Amino acid sequence: MPLMTTANQDAHAMSMIAGIGDLMSGQSASLVLRIKELEEQHLAFRNSLVCAFNQMLDLKDINTGVHSTRLAEWALRVARKMDMPEERLYQVEVAALLHDIGKMGVPDAILKKPGPLTPEERALINRHPEYSWSILRLFPGLEEASLYALHHHESVDGTGYPAGLKGNDIPMVSRIISVIDAFDAMVSNRCYRQGLPHSEAIARLLRSSGTQFDPDILQAFIPIAEQEAADVFAAAGTSMSAAL
Ligand SMILES: [Fe+2]
């Protein structure tokens with residue numbers, strides 16, 4: 001059998017390399033597709049978990065689904081106004097939806113007690129941001145949202161809970177949730193009371209500017225509350241007059 005010349009050997013080696021290259025690029029293309037498929041499945045699964053937890057809040061009558069949906073709408077609008085990058089908005093949306101999930105850990109007898117709370121009962125309710133954190137941090141990929149939920153009852157003057165953080169030490173998303181949660185609760189109708197007019201709710205927010213609420217967040221939020229409320233309520237499937 002004649003020996004291959006160097007030129008023949010080179011050509012043979014080149015064609016083998018090209019063959020391996022083709023095989024590998026074929027394999028890596030299908031690997032990339034498979035990874036993409038698994039990523040999509042993971043995201044869909046995580047989204048359905050988020051929706052299921054939101055539904056659970058609704059069933060437990062902790063936050064009605066429409067209140068949570070409105071909070072997500074308000075939060076996204078304020079976050080965009082504060083120039084938050086688009087890739088962080090998913091965490092913002094989830095934190096706004098599920099920040100009170102920890103209330104599941106507070107007995108109904110305390111959570112729905114009609115009369116005044118004892119200091120012990122108040123202390124137990126005030127643990128709910130920590131409970132929210134302990135639940136959300138278990139969702140793969142929601143660690144950031146869990147921190148936002150942990151700090152949603154902090155006040156910018158340091159008198160909030162659980163950590164007594166001040167000013168910019170409080171994550172911006174937590175400061176946003178604090179403002180929009182207070183506003184949405186004030187303007188919502190309850191079976192036992194009529195919601196406040198938006199102008200009155202804004203006046204009350206402003207009275208706590210620099211103590212409970214971040215003035216910069218208020219500055220971003222107030223024009224949105226004044227101009228976009230009808231869109232936010234419509235997006236959540238309610239009208240402003242019938243808001244729950
Ligand atoms: Fe809360």
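Whatever order the structure lists them in is the order used to number ligands and atoms, beginning at 1. Here the structure is a predicted model, which is why all the values come from computation and not from measurement. Heavy atoms only: backbone and side chains are in, while hydrogens, waters and symmetry mates are out.
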- How about the Fe ion (ligand 1), which protein N, O or S atoms come within less than 2.8 Å? Asp100 OD1, His128 NE2, His152 NE2, His153 NE2

- Hey, would you say the His128 and His152 ring centroids sit under 6.0 Å apart? yes

- Message: Is the shortest side-chain heavy-atom distance between Leu136 and Glu143 below 4.5 Å?
- Response: no

- Item | Side chains of Glu154 and His151, donor plus acceptor under 3.5 Å | yes

- Item | Check: Leu97 and Leu71 side chains under 4.5 Å, non-hydrogen atoms | no

- Query: Does Tyr90 have any ring-ring contact (aromatic ring centres under 6.0 Å, His included) partners at least two apart in sequence or in another chain, and if so, which?
  - Reply: none

- Task: Indicate, with yes or no, if the rings of Phe213 and Phe221 have centres closer together than 6.0 Å.
- Result: no

